[in-house]
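First comes the structure, then the notes that go with it.
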Amino acid sequence: MERALSSEVMSDFDGLVNEYRPRIFRFILASLRNRESAENLTQECFVKAYKAREQFRGAASVPTWLLQIAANLVRDHENSGRLKFWRRALKVDLTDVMDVIPDRQLSPESMLSVKQEVEGIWRAAAKLPERQRTVLLLRFVEDLNLLEIAEVTGLKLGTVKTHLFRAIESVRRALEEKG
Amino acid sequence: MNRHLTSKQISQYLVGDLTPEQEVHAHECSQCGARLARLESSLSHFRSSVRNLKETRPMTRMYSGNETMAGFTSVLIHAGVVTMILLLGTLKPVQSMISKSVTLIAPNLKPYEATHKGGGGGGGRSPIEASKGKLPKSAVRVFTPSRVDPTDSKLPMVPTIIGDVPNITAQNYGDPLGKIGTPSNGTGFGGGIGPGMGSGIGSGRGLGSGGSFGGSVYSIGGGVSSPSIIHKVEPEYSEEARKAKWQGTVQLSVIVDESGHPRDIKVAQSLGLGLDQKAIEAVEKWLFKPGMKDGKPVAVFATIQVTFHLL
C-alpha cells in the first residue's frame with residue numbers, strides 16, 4: 001500500500017498531490033471538523049511538503065511522511081486556539097461531516113442505527129484529547145499499524161498504545177451508552 | 001480460559017495488547033466475538049463515513065514549471081516597475097513641480113522689545129543747542145530730569161536716566177554728543193537736555209538719553225561694531241515696478257538684535273510701487289553677525305539700502 005519514496009516520485013510532485021490530497025484532507029477534516037480550516041491546512045501541508053522535498057530521503061513512506069506533516073499542522077492549529085471545535089464537548093457541530101454516511105443497501109432502521117453509531121463515535125472523538133483522536137483516526141481510518149502511528153506522531157510505541165486504548169475505551173463507552 | 005473478556009479487554013484486543021490465552025478466547029467464544037464484531041463494525045462505519053469526506057473545491061494545481069524562469073520573470077517585472085518610477089521623475093511636469101519648492105521661514109512677528117527705549121529728548125526751550133557734558137547715573141526710574149544747571153532745591157535729588165551710561169568725564173551734566181560751549185539745556189522741552197522732548201538727554205523722545213545712550217539698542221560707533229551680513233536674500237521685483245521699469249533704492253532702518261536678526265524694519269526712504277514691501281520681505285530673511293560692544297553682541301540700529309535695478 002505504502003509507496004516507497006524515490007526521486008521519480010518526488011519529481012512528479014503534481015501526481016503526488018493528486019494521489020494523496022484526498023487522504024490528507026479527510027484526515028485533517030476528521031481531526032478539525034471544519035471544512036474551511038481543513039482545506040487551508042491541506043494546502044499548507046502540501047506546500048510544506050514541497051518546500052521540504054529536497055530534505056526527504058525516503059526513510060519513511062510518502063503517505064506516512066505527509067500524514068506526519070498533517071498531524072503536526074493539526075496539533076499546531078489546535079494549540080493556537082484558532083478553532084476550539086473539539087473543546088466544545090457539549091455542543092458538537094457535525095454539520096460538516098455528518099451528511100456523508102455511506103449509502104448502502106440497508107433498511108431504514110439499520111440505516112438509522114448505523115447513523116446513530118457513527119454519530120456516537122464522532123461525538124466521542126470530539127471529546128478526546130488531540131493526541132488520542134489523532135491516534136484513533138490513524139489506526140481506524142488510515143489503517144496505519146502501531147509502528148507507523150508512532151512514526152507519524154513522533155510518540156513511543158507504548159505511548160501510542162496507551163493513547164489508542166484510552167480512545168477505544170471512550171468510543172466503546174459512548175456506544176454502550178447509546179444502547 | 002473460560003472467563004469472558006471484560007470491556008477493558010475488548011478495547012485491549014483492538015490495541016493488540018491481549019495475552020495469547022485471551023486472544024484464543026476472543027476467537028473461540030461466540031459471545032466475546034459478537035461484542036468485538038459489534039465494536040469493529042461501528043468503527044468500520046466510522047471509517048467509511050470519514051473516507052467519504054470529499055473536498056468541495058477543486059484541487060489547486062501545484063506549480064510545476066521552471067522555477068529559474070519564474071524567478072527571472074519576477075526580477076524583470078520588478079526591474080520594469082522601478083524603471084517606470086525613475087522615468088516618471090525625469091518627466092518635465094514632475095521636475096517643474098519638484099523645483100517649485102518653497103523655503104518656508106517663519107518670521108518673528110513679535111516687535112522688538114528693548115528693555116529701555118533710547119532717546120529721551122530734553123530741553124529748556126533754550127535757543128542754544130544742548131552743551132556737551134556727562135550723563136547722569138543710570139537708574140530704573142527717572143524722578144528728576146537732568147539739567148545742566150542744577151536747581152536750588154532744598155532737598156536735591158540726584159538726576160538719573162534709564163539705560164546704560166557711557167563713562168564720560170565732565171563737570172556738568174549734558175549731552176555727550178553736544179557741543180562744548182555755554183551750558184544749555186537745549187532747544188527742546190520737557191525738562192531734560194537736548195532738542196527733543198522728555199526727561200532724558202539727546203535728540204529723541206522719552207525717558208532715556210539720546211539715540212546713542214540709554215537704550216539697549218546702540219548706534220554704530222563709539223565701541224559698537226557694525227553688524228555684518230551673513231546671509232542675504234535678494235529682493236524680488238514687484239509686478240508694477242517691473243512693468244513701469246522702476247529703479248532706485250529703498251532705505252530701511254532696522255534694529256539688528258543680539259542674535260543677528262533684523263527687527264522693527266521701517267522704511268526710511270521709500271521707492272514705491274510695492275518695492276518697499278519687497279525690500280522689507282527680503283531684509284526680514286537676512287541674517288547678520290550682530291554688532292559687538294565690549295565683546296558682547298548687542299542690538300544696534302542700522303540702515304540698509306536695498307537697490308532695485310532692471311537689467
Side-chain angles (χ1 to χ4, degrees), chain A residues 11-18 21-23 25-27 29-30 35 38-39 42-43 46-47 49-50 96-104 114-115 117-122 125 136-137 139-143 145-146 160-176 178, chain B residues 3-23 25-27 29-74:
Chain A
S11 65
D12 182 19
F13 201 82
D14 223 17
L16 183 140
V17 173
N18 286 333
R21 190 174 173 120
R23 189 174 173 184
F25 171 75
R26 76 179 181 223
F27 168 72
L29 179 57
R35 196 164 276 275
E39 284 174 357
T42 305
Q43 185 73 18
F46 282 101
V47 169
Y50 184 74
D96 266 352
V97 287
M98 273 312 289
D99 57 343
V100 290
I101 294 299
D103 186 19
R104 290 182 186 174
V114 166
K115 190 170 180 174
E117 269 177 23
V118 172
E119 195 176 322
I121 297 177
W122 273 114
L136 183 80
L137 291 172
R139 178 73 191 93
F140 294 107
V141 178
E142 301 306 327
D143 285 334
N145 62 41
L146 296 179
V160 171
K161 280 184 179 178
T162 310
H163 282 314
L164 187 59
F165 172 72
R166 285 178 186 164
I168 294 168
E169 275 286 279
S170 300
V171 168
R172 187 186 55 72
R173 275 200 295 271
L175 289 172
E176 279 175 6
K178 281 256 171 195
Chain B
R3 276 200 302 175
H4 290 305
L5 295 176
T6 61
S7 300
K8 227 176 170 183
Q9 285 167 340
I10 295 284
S11 298
Q12 276 177 330
Y13 173 83
L14 291 178
V15 178
D17 252 3
L18 286 182
T19 59
E21 291 85 17
Q22 287 167 337
E23 288 267 359
H25 178 82
H27 287 294
C29 175
S30 57
Q31 202 181 330
C32 291
R35 284 170 71 197
L36 274 169
R38 199 178 150 205
L39 183 58
E40 281 180 321
S41 161
S42 298
L43 286 167
S44 165
H45 287 138
F46 175 66
R47 174 194 287 122
S48 304
S49 98
V50 175
R51 289 195 166 187
N52 256 22
L53 296 173
K54 293 274 186 321
E55 248 184 309
T56 45
R57 71 179 178 196
M59 289 183 193
T60 317
R61 199 183 143 84
M62 299 288 287
Y63 182 74
S64 57
N66 188 339
E67 276 185 28
T68 318
M69 194 63 199
F72 186 67
T73 315
S74 169

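To find a chain, count down the sequence lines: A is the first, B the second, and so on, and within it residues start at 1. Being a predicted model, the structure only gives us computed values, none of them experimental.
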task: Would you indicate whether the side-chain heavy atoms of B:Thr68 and B:Phe72 approach each other to under 4.5 Å?
output: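 A side-chain contact under 4.5 Å is absent here.
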- prompt: Can you find a pair of side-chain heavy atoms, one from A:Ile168 and one from B:Leu39, that are under 4.5 Å apart?
  reply: yes
- prompt: For A:Arg166, what residues pass the salt bridge (Lys or Arg N to Asp or Glu O under 4.0 Å) criterion, not counting sequence neighbours?
  reply: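 Applying salt bridge (Lys or Arg N to Asp or Glu O under 4.0 Å) to A:Arg166 gives none.
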message: Once salt bridge (Lys or Arg N to Asp or Glu O under 4.0 Å) is applied, do any residues pair with A:Arg26, and if so which ones, sequence neighbours excluded?
response: A:Glu142
field: chain A neighbours within residues 11-18 of chain B, where any heavy atom lies under 4.5 Å away
entry: B:Ser11, B:Gln12, B:Leu14, B:Val15, B:Asp17
- prompt: Any idea which of A:Ile121, A:Leu146, A:Leu136, A:Val171 has the most non-hydrogen atom pairs under 4.5 angstrom with chain B?
  reply: A:Ile121
- request: State which residues pass ring-ring contact (aromatic ring centres under 6.0 Å, His included) with A:Phe140; sequence neighbours excluded, sorted by chain then number.
  value: none
- request: Look up atom OG in B:Ser42 and atom CZ in A:Arg172, then write down how far apart they are to the nearest 0.5 Å.
  value: 12.0 Å
